[in-house]
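Just below is one structure, and these are the notes that go with it.
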There are 2 protein chains.
Amino acid sequence: MKQVAPWRADVTFDQQGLVPAIAQDAETGVILMVAWMNADALDETISTRRAVYWSRSRQRLWRKGEESGHVQTVHDIRLDCDGDVVLLKVTQERGTACHTGRASCFYRQLQGQGDDAQWQIVDPVLKDPEQIYK
Amino acid sequence: MKQVAPWRADVTFDQQGLVPAIAQDAETGVILMVAWMNADALDETISTRRAVYWSRSRQRLWRKGEESGHVQTVHDIRLDCDGDVVLLKVTQERGTACHTGRASCFYRQLQGQGDDAQWQIVDPVLKDPEQIYK
């Protein structure tokens with residue numbers, strides 16, 4: 001019987017067996033995206049040094065870039081104090097992490113005050129999404 | 001009847017009414033912590049520009065720094081493409097976000113290969129936790 005790897009004991013997966021994983025650009029510090037990992041996704045990320053997530057919508061492993069070529073090469077893997085969030089420091093191949101063709105998924109900024117505050121798009125589209133997934 | 005603020009429509013809270021919120025140092029880009037917000041926590045964060053989370057363990061609003069003085073002043077609030085993760089760019093008052101007395105909660109780094117990989121503490125304790133919460 002295969003032993004469970006020791007790193008697994010420190011990771012607190014939620015009731016669905018998932019932890020959120022942040023992908024941060026290793027060079028610039030820009031937060032590119034947040035996705036989810038199950039134990040298999042984290043295992044494969046550790047062994048391949050390519051970011052692998054669990055797609056909640058498709059209910060299967062999602063090897064980032066498998067369709068788009070927008071692979072994330074992983075340089076550093078961190079765990080927070082509670083063991084329930086993973087941080088990946090990555091190089092984002094082809095420069096765009098977001099399916100909208102932007103560098104980062106966090107392209108909406110809250111502007112305005114109080115009840116009038118609204119999310120405004122502040123980051124440019126770098127690549128036509130139709131070209132990413134053609 | 002009070003209208004619901006327009007920014008709320010774009011935020012996708014989960015079945016527990018929560019979204020994860022990342023606190024990132026606005027100057028250095030270091031990811032300090034991840035906590036959870038409900039609509040009231042986000043509302044108060046927007047209006048006060050101090051980070052307010054929802055404590056899942058205590059089931060109440062958690063005004064970061066209310067006991068420790070380690071307040072987070074919020075400069076920028078971002079939302080990701082799916083609307084289900086919030087990013088705060090903050091100044092961390094007193095320099096330590098983590099209850100362990102470290103600057104960041106992500107102080108454990110995966111070291112080693114494959115099944116022998118283990119989490120190693122790589123960031124120093126800057127402040128005695130007993131002094132933070134005395």
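Naming convention: chains lettered A, B, ... in sequence-line order (proteins, then strands); numbering from 1 in each chain. Reckoned from all heavy atoms, side chains included, excluding hydrogens, waters and symmetry mates. Predicted model, so just to flag it, every value in this text is computed and none were measured.
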So which of V30(B), V11(B), D76(B), T28(B) has the biggest tally of heavy-atom pairs under 4.5 Å with chain A? D76(B)
Are more than 12 heavy atoms from other residues, nucleotides or ligands located less than 6.0 Å from atom CD of Q120(B)? yes
Options V122(A), D80(A), I22(A), L87(A), ranked by heavy-atom pairs under 4.5 Å with chain B, top entry: D80(A)
Consider only side-chain heavy atoms of I, L, V, M, F, W and Y, link residues closer than 4.5 Å, and tell whether W54(A) and V85(A) are in one cluster. no
Please determine whether the number of non-hydrogen atoms from other residues, nucleotides or ligands lying under 6.0 Å from atom CD of E66(A) exceeds 12. yes
Answer with yes or no whether the hydrophobic clustering places Y53(B) together with I31(B); edges join I, L, V, M, F, W, Y residues whose side-chain heavy atoms lie under 4.5 Å apart. no
Hydrophobic cluster identity match, W119(A) and V19(B), side-chain contacts under 4.5 Å: yes
With side chains defined as the heavy atoms from C-beta onward, is the minimum distance between W7(B) and D116(A) less than 4.5 Å? no
Quick check for you: to the nearest 0.5 Å, what is the distance between Q109(B) atom CD and K89(A) atom NZ? 8.0 Å
Tell me, yes or no, whether the heavy-atom count around Q59(B) atom CD, taken from other residues, nucleotides or ligands under 6.0 Å, exceeds 12. yes
Heavy atoms only, distances under 4.5 angstrom: which of I46(B), I77(B), V34(B) has the most pairs with chain A? Name it, please. I77(B)
V74(B), V52(B): one ILVMFWY side-chain cluster at the under-4.5 Å cut-off? no
Mind checking whether F106(B) and V86(A) have side chains closer than 4.5 Å, heavy atoms only? no
Proximity breakdown for I121(A) and chain B, heavy-atom pairs closer than 4.5 Å: neither
Side chain, backbone, both or neither of D84(A) within contact of chain B (heavy atoms, under 4.5 Å): side chain
Any salt bridge between D82(B) and R56(A), counting N to O under 4.0 Å? no
Which bit of Q24(B) is near chain A, if near means a heavy-atom gap under 4.5 Å: side chain, backbone, both or neither? side chain
Are the side chain of R78(A) and the backbone of L110(B) linked by a donor-acceptor contact shorter than 3.5 Å? no
What are the two closest non-hydrogen atoms of C81(A) and R108(B), and how far apart are they? O-NH2, 3.4 Å
One option among P6(A), G29(A), S47(A) has the most heavy-atom pairs under 4.5 Å with chain B, and it is P6(A)
Side-chain heavy atoms under 4.5 angstrom apart, residues restricted to Ile, Leu, Val, Met, Phe, Trp, Tyr: same cluster for F13(B) and W62(B)? yes
Please flag which part of R102(A) lies under 4.5 Å from any non-hydrogen atom of chain B: side chain, backbone, both or neither. neither
L79(A) and Y107(B), any side-chain heavy atoms less than 4.5 Å apart: no
